[in-house]
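Hydrogens, waters and symmetry mates play no part in the numbers below; they use all other heavy atoms, side chains included. Chain identifiers are assigned alphabetically (A, B, ...) following the order of the sequence lines, protein sequences preceding nucleic acid strands; residue numbering begins at 1 within each chain.
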Amino acid sequence: MLDAKYFGEAVSELEAALKRRNGDSQLVAHIAELSKLRRTLISQTDSLKAKRNQASQEIGQLKAKAKSDPAAAAEAERRMVETRSLGDEIKATDQRLAEVDAEFTDLGLRIPNIPQASVPSGAGAEENVEVRRWGTPRAFDFEPLDHVALGEKLRVLDFDRAGKLSGARFSVYFGAGATLERALIQFMLDLHTRQHGYQEVIPPFMVNRASMTGTGQLPKFEEDLFKTGTADRELFLIPTSEVPLTNLFRDEIVEPGRLPLYLTAYSPCFRSEAGSYGKDTRGLIRQHQFQKVELVKIVEPEHSNEELEKMTAHAERVLQLLGLPYRTMLLCTGDMGFSAAKTYDIEVWLPAQKAYREISSCSNCEDFQARRAQIRYRPEAQAKPRLAHTLNGSGLAVGRTFIAILENYQDAQGRVEIPEVLHRYVEGAPGFLRDGARIWMTP
RNA sequence: GGAGAGAUGGCAGAGUGGUCGAAUGCGCCGGUUUUGAAAACCGGAGUGGGGGCAACCCCACCGGGGGUUCGAAUCCCUCUCUCUCCGCCA
């Protein structure tokens, strides 16, 4: 995988990608130049090799005759010596080609996906466009606490002890907190597998470099990842289960009739959060380790946009069932992730911050990841394989959903009501009190 | 952790230095036969890149990478993965 040839045909697209996303015209020119040089070198080595191959074949024929014909043996010797220099020439040209290929591939891997035409141009989050809003933020007749204060009061979150164990940006959930987090995971997985048609997967939480490259985390964002492994083996902790789920079909040709593939997985996610110093340092919002239920689709190109709408609706459904107000934003070019061609962020209302905060991000990556990971499908028997389109979305970030429930469902005494859809998951667990038709987490 | 055996086309499975891109079987596609089908028989067929109006031609690919050689599926090094036996382990 990840051969320069995969980018060969995509050069003009790569140029377009750069232009629309703060493009660097020098880089574009450089890429075009490299591409040309690559083609020249390829045709050079090819014709040298053709000559060499023919000579070898003729030497073989001479050798076969040599038993009965001493003149043929001498001729074979002569040709062998003569052909030696051709070999050196091939070696030199091949090496130059390898260098050009390496640079070309590396550049190709560092260029982001092209935004779709429907994506608004913009520099940053301020220029994202709100496409819809659901629910009305509740009016409080007291000053709502944030989830950190609530969590400590309820004794379900402990950041100090997490600091002792691992340092900043880690957390410990205790008792009813741990149960609620687990209930949310279960609820989301049940919803997506039973009502939305996703297949549940438990993937590896550590993956190799090829997988990280396939989905676009590498080579450009290595500092965002936790790297591990043993002396002779390199592994990365997944920043999202999008990585293992999408890479499941890396280097495969999916047989006719199997698309669309709908996959969902719960996983812990590990992010170094390099470059976010000072941002969201309080509480659960931005952690080195958090839980997420992920949605991934592998689909035919013709349907990817309609599948993106459906996937976004599936993620929104979680918030609707939990009764949490949210808005959905169409990200502008400047705020989109590296691999995405179009992205919707879903933002949940957090009363303590009096703001909508991201809780899900749903993207159509089109063939960007499929090209890197060589995920192809056969439209019908005997047909030529085509690159598939891949999509991913959070369905949802569990920790942030936990925050939203604490903050939106608190009462003046610091109790938190549990939304009805979660009752069956927490009923009877320690730390939850039933009061008529309602269940509460209480201090 | 120790010892050993492997990785070849959709699958099974030959091939240990010279027309091997690769025998054979199954499967697949086309045809003959048949009312239709099966069987039988005949024929075809890998992937990617480049060139040519075209018939065709060239390059690469036998797990990945490197080496030896005029020439490598075949020899050497290395990595990955799989299997068997022993040890350990949730």
Side-chain angles (χ1 to χ4, degrees), chain A residues 1-12 34-69 71-102 104-106 108 202-214 218 228-236 244 247-258 367 370-388:
Chain A
M1 65 172 271
L2 301 175
D3 202 297
K5 73 186 177 200
Y6 296 137
F7 295 97
E9 61 187 278
V11 170
S12 57
L34 273 179
S35 166
K36 216 169 163 187
L37 178 57
R38 215 182 132 256
R39 277 165 198 282
T40 313
L41 285 172
I42 287 173
S43 75
Q44 268 175 30
T45 42
D46 277 4
S47 64
L48 284 172
K49 282 177 189 171
K51 254 197 251 176
R52 195 260 329 263
N53 289 349
Q54 205 192 327
S56 295
Q57 204 176 322
E58 284 164 14
I59 291 167
Q61 283 158 3
L62 287 169
K63 284 250 176 181
K65 257 194 281 180
K67 278 179 205 145
S68 55
D69 179 1
E75 174 67 3
E77 273 314 309
R78 197 188 63 73
R79 294 290 305 272
M80 271 158 64
V81 174
E82 176 188 281
T83 312
R84 219 162 278 165
S85 66
L86 248 185
D88 295 338
E89 226 177 308
I90 291 170
K91 217 171 267 181
T93 322
D94 259 351
Q95 200 185 335
R96 271 196 74 204
L97 177 60
E99 285 163 15
V100 171
D101 262 3
F104 187 66
T105 305
D106 187 63
I202 301 180
F205 300 154
M206 292 190 256
V207 300
N208 57 28
R209 180 168 286 271
S211 297
M212 285 295 185
T213 309
L218 291 179
T228 179
T230 49
D232 54 350
R233 194 172 183 190
E234 177 188 58
L235 285 169
F236 298 87
N247 277 285
L248 280 174
F249 294 90
R250 169 153 51 86
D251 294 321
E252 289 196 28
I253 297 170
V254 179
E255 287 312 310
R258 286 198 63 195
D367 64 8
R371 174 175 294 115
R372 296 165 155 247
Q374 286 299 296
I375 302 169
R376 294 180 293 171
Y377 75 102
R378 216 182 287 283
E380 49 198 89
Q382 314 301 321
K384 266 199 159 193
R386 300 173 68 196
L387 289 174

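B/A38 and B/C28: their P atoms are spaced 10 Å apart (whole Å). When the P atom is compared between B/U24 and B/A45, the two are found 13 Å apart, to the nearest whole Å. Distance check on atom C1': B/C88 versus B/G1 gives 8 Å, rounded to whole Å. One P atom belongs to B/G4, the other to B/C59, and the distance between them is 41 Å to the nearest Å. Taking the P atoms as reference points, B/C11 lies 16 Å from B/G27, given to the whole Å. The gap from the P atom of B/G2 to that of B/C70 amounts to 39 Å, rounded to the nearest Å. Between the P atoms of B/G63 and B/G15, the separation comes to 15 Å (whole Å). For B/C77 and B/G25, the P atoms lie 36 Å apart once the distance is rounded to whole Å.
Nucleic acid contact class of A/I59 (heavy atoms, under 4.0 Å, all strands): base. Across all strands shown, A/R84 has heavy atoms under 4.0 Å from sugar-phosphate atoms exclusively, and none from any base.
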Please tabulate, for side-chain N and O atoms in residues 84-91 of chain A, each donor-acceptor pair with protein atoms closer than 3.5 Å (sequence neighbours left out).
from, atom 1, to, atom 2, distance (Å)
A/S85, OG, A/E82, O, 3.4

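Residue order along RNA chain B, read from the 5' end via each residue's closest nucleotide, puts A/K63 first among A/K63 and A/G87. Sequence order on RNA chain B of the closest nucleotides to A/S43 and A/T83 puts A/S43 first from the 5' end.
Contact annotation: A/K91 side-chain N/O to B/U68 OP1/OP2 distance is under 4.0 Å.
Remark: B/G6 base-pairs with B/C81. Criterion, Watson-Crick or G-U wobble with two distances under 3.5 Å. Here B/A22 sits opposite no nucleotide as a Watson-Crick or G-U wobble pair (both hydrogen-bonding atom distances under 3.5 Å). With a cut-off of 3.5 Å on both Watson-Crick or G-U wobble distances, the partner of B/G48 is given as B/C59. As the counterpart of B/G43, B/C29 is assigned, both hydrogen-bonding distances of the Watson-Crick or G-U wobble pattern falling under 3.5 Å. As the counterpart of B/U34, no nucleotide is assigned, since no Watson-Crick or G-U wobble pattern has both distances under 3.5 Å. Look at B/A90: it lacks any Watson-Crick or wobble partner with both distances under 3.5 angstrom. In this structure, B/U74 makes no Watson-Crick or G-U wobble pair, since no nucleotide meets both defining distances under 3.5 angstrom.
As rounded to whole Å, 11 Å separates atom C1' of B/C20 from atom CD of A/Q57. Nucleotide B/G67 holds its P atom 9 Å from the CD atom of A/Q95, rounded to whole Å. The distance from atom CD1 of A/I90 to atom P of B/U69 is 14 Å, rounded to the nearest whole Å. For the pair A/L48 CG and B/C70 P, the computed distance is 16 Å after rounding to whole Å. We find that CD1 of A/I42 is positioned 7 Å from C1' of B/G49, with the value rounded to whole Å. Rounding to whole angstrom units, CE of residue A/M80 and C1' of B/U68 are separated by 13 Å. One can place CD of A/Q61 at 13 Å from C1' of B/C70, the figure rounded to the nearest angstrom. Going from atom CG of A/L62 over to atom C1' of B/G17 covers 17 Å, rounded to whole Å.
Counting heavy atoms from C-beta outward, A/L387 and A/Q374 have side chains that approach closer than 4.5 Å. With a 4.5 Å cut-off on side-chain heavy atoms, A/E252 and A/I375 do not count as touching. At least one side-chain heavy atom of A/I59 sits less than 4.5 Å from a side-chain heavy atom of A/T83.
For A/D94, the salt bridge (Lys or Arg N to Asp or Glu O under 4.0 Å) partners at least two apart in sequence or on another chain are A/K49.
A salt bridge (Lys or Arg N to Asp or Glu O under 4.0 Å) with A/E58 holds for exactly one of A/R79, A/R78, A/R52; it is A/R79.
Scanning all heavy atoms of the two residues, the minimum distance from A/P244 to A/P204 falls at CG-O, 3.7 Å. Considering every non-hydrogen atom in both A/R372 and A/G214, the closest pair reads CB-O, 3.6 Å.
Look at A/R96 and A/E99 and you find no salt bridge, because none of the NZ, NE, NH1 or NH2 atoms lies under 4.0 Å from a carboxylate O.
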Please tabulate the protein-to-nucleotide N/O contacts below 3.5 Å involving nucleotides 59-66 of chain B, giving atom names and distances.
from, atom 1, to, atom 2, distance (Å)
B/C59, OP1, A/N53, ND2, 2.9
B/C59, O2', A/D46, OD1, 2.8
B/A60, OP2, A/N53, ND2, 3.4

